[in-house]
Amino acid sequence: MADPKGFLTTPREEWPRRPVAERVRDWDEVYVPGALLPIIGEQADRCMDCGVPFCHQACPLGNLIPEWNDLVSREDWQAAADRLHATNNFPEFTGRLCPAPCEPGCVLAINQPAVTIKNVECAIADRAWAEGFAPPAPPERLSGRTVAVIGSGPTGLAAAQQLTRAGHTVAVYERDDRVGGLMRYGIPEFKMEKRHLDRRVGQMREEGTKFRTSTTVGQDVDATELRARYDAVVIATGATAWRELPVPGRELGGIHQAMEYLPLANRVCAGDLESSPLSAAGRHVVIVGGGDTGADCLGTAIREGAASVTQLDIYGRPPSERDENAEPWPAYPKLYRLSPAHEEAEALRTAPAADADARVFAASTLRFEGDAEGRVRALRLVEVDSRRRAVPGTERTLPADLVLLALGFSGPDQRDGLVAQLGLALDPRGTIARDDGFATRVPGVFAAGDAARGQSLIVWAIAEGRAVAAAVDRYVTDAPSRLPAPIGPYDRPMTV
């Protein structure tokens, strides 16, 4: 513990964001470049080095948070990078994209603002790359075993890197033209610039991982043939089967799924397209869904120059502070949070009819209304109570000529034929069934990440990748694995 009184004398200070008027004119990350390092040492000093650090329990990766906080406060960046990478393959991703369940689990958060764990993590990761503390780590010798990983999201990449470093020959199959899964085409550039992803993929290539892009297993490659070719297969395709909104008018033009809209904007940033065919420029946009994907659509529509943007959330507005009776520490509380996109919407007043920032809380969509050409022109909504029952007399209409559905995902997309060809079993939620060792009912085939767990956070995805790698290592070597397994397939976040 570098400063025993740091948590008493130093207030919480977060990585400052660029002014709204500046950042909405570009697609760069929202934070002030270079503004994190000057403040992070004192923020790390706020860590109490608890005897029982609940931040460990709140993070499925088991990150050694007090250890690297202490090392950062002493400016031992290389040791801090070593401790961080000991539990997390991709801290530059989680430091930008994770909602940081570790912070509500911080002991200091019982009655004070938590340590800025996520910011410290990001600072270490960025410093590690800048100083060369994250070199490729190819294996000393090859095992002669081969593994195919299907999907290149955080789960697939984490599993592939762990298995490659263990000496196995690993090939990652990705249906898109670039590696990264939803991190590539689902996460907007302003949340994480893709150079961070490209840099890590480059490291993996140097370590020996092979990548097969533009290859859909089940269509371009038969899944059973792939299984016969490799000693083991890891399915990490994610939960990409989006949820629908079955209300009158859904068939109208101009109503799209969020994951039809977001990839096009990312392709514009990548230089593949001059402009998006679904651009929000000059249009009245309504986003149905109050989660992170909806917020990503919100920030994207603002940057594309939408005439207005409103986001509908079926849940009521959450409180600003933790309800100790309903959600006691250290559970992750449901709070009113202002993401960068919501901050932008509030400052620019993109939705005059919204309750707060761009959001209309406790709102349910009744129907869509269109014009003579069959295009959507309005959305009819009604307020609902805590049990989602319509409140009489609260119906109203919002103008809408672009509607984005951000209602989450139910499980793996089965249209590619992968599940059917392998004869995999599904659980009642529609995700791939597996045992307590991540194995499916097909020998040598393992399932991990959102495809088996269901829609979750990036830290859980990486933890699943690391854990399934240990299971595969045991299977192909028929011996105990030295790879870490931070979670089991049935572990879940702390809840009340």
For [X] and [Y], test the side chains for any donor-to-acceptor distance below 3.5 angstrom and give the result as yes or no.
| X | Y | answer |
| --- | --- | --- |
| E131 | Q78 | no |
| Q43 | N119 | no |
| T169 | T146 | no |

- [ ] Sequence neighbours left out, what passes salt bridge (Lys or Arg N to Asp or Glu O under 4.0 Å) with R466? Give chain and number order.
- [x]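 Salt bridge (Lys or Arg N to Asp or Glu O under 4.0 Å) check on R466 returns nothing, list empty.
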TODO: For D222, look at atom CG and say whether over 12 heavy atoms of other residues, nucleotides or ligands are found less than 6.0 Å away.
DONE: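 Enclosed: over 12 neighbouring heavy atoms sit under 6.0 Å from CG of D222.
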TODO: Using the test side-chain hydrogen bond (donor to acceptor under 3.5 Å, both in side chains), find all partners of R415 that sit at least two apart in sequence or belong to another chain.
DONE: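 side-chain hydrogen bond (donor to acceptor under 3.5 Å, both in side chains) list for R415, sorted by chain: D413.
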Task: Residue list, side-chain hydrogen bond (donor to acceptor under 3.5 Å, both in side chains) with R205, at least two apart or on another chain - done: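 With sequence neighbours excluded, R205 shows a side-chain hydrogen bond (donor to acceptor under 3.5 Å, both in side chains) to no residue whatsoever.
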Task: Counterpart residues, side chain to side chain contact (heavy atoms under 4.5 Å, CB included), relative to A425 (two or more places apart) - done: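 Only A433, R441 meet the side chain to side chain contact (heavy atoms under 4.5 Å, CB included) criterion with A425.
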Would [X] and [Y] pass as an ion pair if we require N to O under 4.0 Å?
| X | Y | result |
| --- | --- | --- |
| K118 | E14 | no |
| D272 | R178 | yes |
| D401 | R375 | no |

- [ ] Hey, could you give me each pair passing ring pair (Phe, Tyr, Trp, His ring centres under 6.0 Å) that has a residue in residues 177-228? Not counting sequence neighbours.
- [x]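 Output for this query is empty, none listed.
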- [ ] Only counting residues at least two apart or in another chain, list the ones meeting ring-ring contact (aromatic ring centres under 6.0 Å, His included) with W15.
- [x]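 W15 satisfies ring-ring contact (aromatic ring centres under 6.0 Å, His included) with Y31 once adjacent residues are dropped.
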